Number of protein chains: 2
Amino acid sequence: MADATRERIKEYAREIGYIYNRRAASLRTSRSGIVGVVVHDIMNPFFAEILRSIESELDRSRQTFLLSNHYDQLEKQRTFIDTLLQLGADGVIMSPAIGTPAQDIRLIEDNGLPVVLIARSVEGAKVPVFRGDDAYGTSLSTNHLISLGHTRIAMVGGTDQTSTGRDRYQGYVNAMEKAGLEIRPHWRFPGPRTKQAGFEVAGAFLALQDKPTAAVCWNDLVAIGLMNGIARAGLVPGVDISVTGYDDLEEAAIATPALTTVWNGQREVGRRAARVLLDRLNGAEVNRSQQLIKPELHVRQSTGKPKER
Amino acid sequence: MADATRERIKEYAREIGYIYNRRAASLRTSRSGIVGVVVHDIMNPFFAEILRSIESELDRSRQTFLLSNHYDQLEKQRTFIDTLLQLGADGVIMSPAIGTPAQDIRLIEDNGLPVVLIARSVEGAKVPVFRGDDAYGTSLSTNHLISLGHTRIAMVGGTDQTSTGRDRYQGYVNAMEKAGLEIRPHWRFPGPRTKQAGFEVAGAFLALQDKPTAAVCWNDLVAIGLMNGIARAGLVPGVDISVTGYDDLEEAAIATPALTTVWNGQREVGRRAARVLLDRLNGAEVNRSQQLIKPELHVRQSTGKPKER
DNA sequence: CTGAAAGCGCTTACAG
DNA sequence: CTGAAAGCGCTTACAG
């Protein structure tokens, strides 16, 4: 068939409103052009920034992406994975829910869907993982505070239930120990990773007898919430209490005061994860190991010398 | 077949890893269980809050939702709609991109997908619309500022290209005119609806000879950005300059100072839009008119009496 | 009531 | 090289 004829037919098809049926095609070819993306919560700007770069990467390969939040509920995650399998998705990018067993990852792969993990790893799962080097990251911010002269430093937000949480805490502990500083258990405020949570910690934090002069926060949201709480109590963040964040969201630079934080390479994580998945879809053999993206400290106005020594 | 037998078979199917093929089923029944949701940008917490309530509503009916951002690009929106048609989606909930013609909505409906609009309406499209009463909303915040004694009031952020933008500006104009106050063109700062944009307006705003004592902002993001900019310039928002937001995001209550804003019923919008779509999917005849959700003023600390008269 | 057959709209392997 | 047929995995209408 001549190209001109082909074009004329396409033109005519468009005219009469023909719609290509992807279900039928997919049934026949067992390729759907759908990639699943599962994260904790798209309302979290950290994931939103990752999603954007995944989106722009997948767009180029004309893959449709199917998004879901699992809110750290294994059940919700499994339901979504099931939906992906039923729809014949081609692959999955996921930030696994807390407690995801390696077995769940295996099951997806056994059903023919390549998996790429982001942000969190799963012990024992043999798939590519892209995440920041969290322990290194919090050691950067903790060391920065130590070098300013702080000795009583708190850790606010996060949980021990994720690899990220454990690593970020470890980085803080490493830096403190290396500097010979004391780590008091009640200086740690575990909790959700939201502004609201940071805001709510402020009261307890400021009421401590042996009140720390600085806080390493789990992420920017917690840090901004904590700063809001400190400001609400009539103190000045960055002057009375130094605060560091994590992620370097777009918002960090315009917070008041501008937030000292750790750039976590979310753009990079999304882009690389999407590319590796596309490579796997094209049958390429890829590196099934953990790829740590090196974080960087961005110093702004929320940290300064301690007021009292 | 007895129920017990049916259960045993299901059990066995699960055991051997049987996966129900929804593409095949959908090909046969022409029902896919997929609902498309298109918004401007999921990174915007306003849409994120709407999406949450849509999600929880659709979850109950076991509908999968396929999400996409159009970033106000008609082309991106059309591509996504095309994908939905090809996948045989059952319906669409959308916040239409700027410039969406009624024809585009018709085309979707003609292909058998019921459409429900949220947040914005499309002139001439005969489909249900759920949005806040924007003109009424900004008149609430403007009147609040007027009653505090402000006479020079600016409008920051937004665009005339959307029904929402025009209505919010109109509400401000109405309130100003009713109070016999002057509306100066350079007191209007149109612009994107982001924190960044609000932050960047602060400089020009504060440099005005006839500087307003208050600003009605397009949404909470713009308001929080503007407040950050005001604080960065050494002034105190809520004392030196009064600021109002719009939406009442979760964040508004923990901003510094806590933001006076207009609750915009995003939960309500999402919930009702999802329900009406589900009703349409079940063949029910629904009200194809615009449903305005009545906004409410939430007064907090970012507004006060004008400092100078 | 039960079971085999037809058909949804594609793609691909195969016969002519 | 071209065109008709088979088949992906379901559901439903129909014959027995």
Side-chain angles (χ1 to χ4, degrees), chain A residues 1-36 61-66 78-92 107-114 278 280-283, chain B residues 1-36 61-66 78-92 107-114 278 280-283:
Chain A
M1 199 192 296
D3 280 2
T5 315
R6 188 183 306 274
E7 265 319 301
R8 265 184 47 218
I9 290 175
K10 270 191 185 168
E11 178 59 34
Y12 180 68
R14 203 172 303 127
E15 230 164 70
I16 60 168
Y18 164 76
I19 288 163
Y20 176 74
N21 189 325
R22 269 167 67 167
R23 291 162 291 178
S26 154
L27 189 58
R28 181 65 233 258
T29 63
S30 62
R31 269 280 216 148
S32 64
I34 291 175
V35 168
S61 311
R62 325 202 90 262
Q63 296 276 326
T64 300
F65 83 100
L66 200 52
R78 285 185 180 139
T79 304
F80 180 67
I81 297 291
D82 231 50
T83 301
L84 289 178
L85 292 171
Q86 294 182 3
L87 289 172
D90 296 333
V92 196
L107 187 105
I108 308 174
E109 294 236 317
D110 287 350
N111 278 292
L113 305 212
L278 291 171
R280 296 194 66 185
L281 294 185
N282 293 326
Chain B
M1 196 193 293
D3 280 1
T5 314
R6 187 183 306 273
E7 265 321 301
R8 264 183 50 218
I9 290 175
K10 271 193 185 167
E11 178 60 34
Y12 180 68
R14 202 172 303 127
E15 230 163 72
I16 60 168
Y18 163 76
I19 288 163
Y20 175 74
N21 189 326
R22 268 169 66 167
R23 292 164 290 179
S26 152
L27 190 57
R28 181 64 235 256
T29 62
S30 63
R31 270 279 217 147
S32 64
I34 291 175
V35 168
S61 312
R62 327 202 90 265
Q63 295 277 326
T64 300
F65 82 102
L66 199 52
R78 286 188 179 134
T79 304
F80 181 67
I81 297 292
D82 231 49
T83 301
L84 289 179
L85 291 171
Q86 294 182 3
L87 289 172
D90 296 334
V92 195
L107 188 106
I108 308 173
E109 293 237 316
D110 286 349
N111 277 293
L113 306 211
L278 292 170
R280 295 193 67 184
L281 294 185
N282 293 327

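In what follows, every chain begins at residue 1, and chains take the letters A, B, ... in the order their sequences are listed. Heavy atoms only: backbone and side chains are in, while hydrogens, waters and symmetry mates are out. Computed from a predicted model, the values in this text were never measured in an experiment.
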Worksheet item: For the atom pair CZ (B:Arg22) and OG (A:Ser26), what is the distance rounded to the nearest 0.5 Å?
Response: 12.0 Å
Practice prompt. First locate atom CD1 of A:Ile19, then atom CG of B:Leu85, and finally report the distance between them rounded to the nearest 0.5 Å.
Written response: 4.0 Å
Item to complete: Within residues 17-31 of chain B, find the residues that approach DNA chain D with a heavy atom at under 4.0 Å, and present them sorted by residue number.
Response: B:Tyr18, B:Ile19, B:Tyr20, B:Asn21, B:Ala24, B:Ala25, B:Arg28, B:Thr29
Worksheet item: Using purine N1 to pyrimidine N3 plus N6-O4 or O6-N4 for Watson-Crick, or N1-O2 and O6-N3 for G-U wobble, each under 3.5 Å, what pairs with D:dA4?
Response: none
Practice prompt. Give none if C:dA13 has no partner; otherwise give the nucleotide forming a Watson-Crick or G-U wobble pair with it, both distances under 3.5 Å.
Written response: none
Item to complete: Give, for atom CD of B:Gln63 and atom CZ of B:Arg31, the distance between the pair rounded to the nearest 0.5 Å.
Response: 6.5 Å
Discussion item. With side chain to side chain contact (heavy atoms under 4.5 Å, CB included) as the criterion, how do B:Leu66 and A:Ile34 come out once you've worked through the C-alpha distance, each side chain's angles and the decisive distance to 0.1 Å?
Written reply: CA-CA 10 Å; B:Leu66 199 52; A:Ile34 291 175; 5.9 Å; no
Response to the item:
Between the CG atom in A:Asp90 and the CG atom in A:Leu281, the distance rounded to the nearest 0.5 Å is 5.5 Å
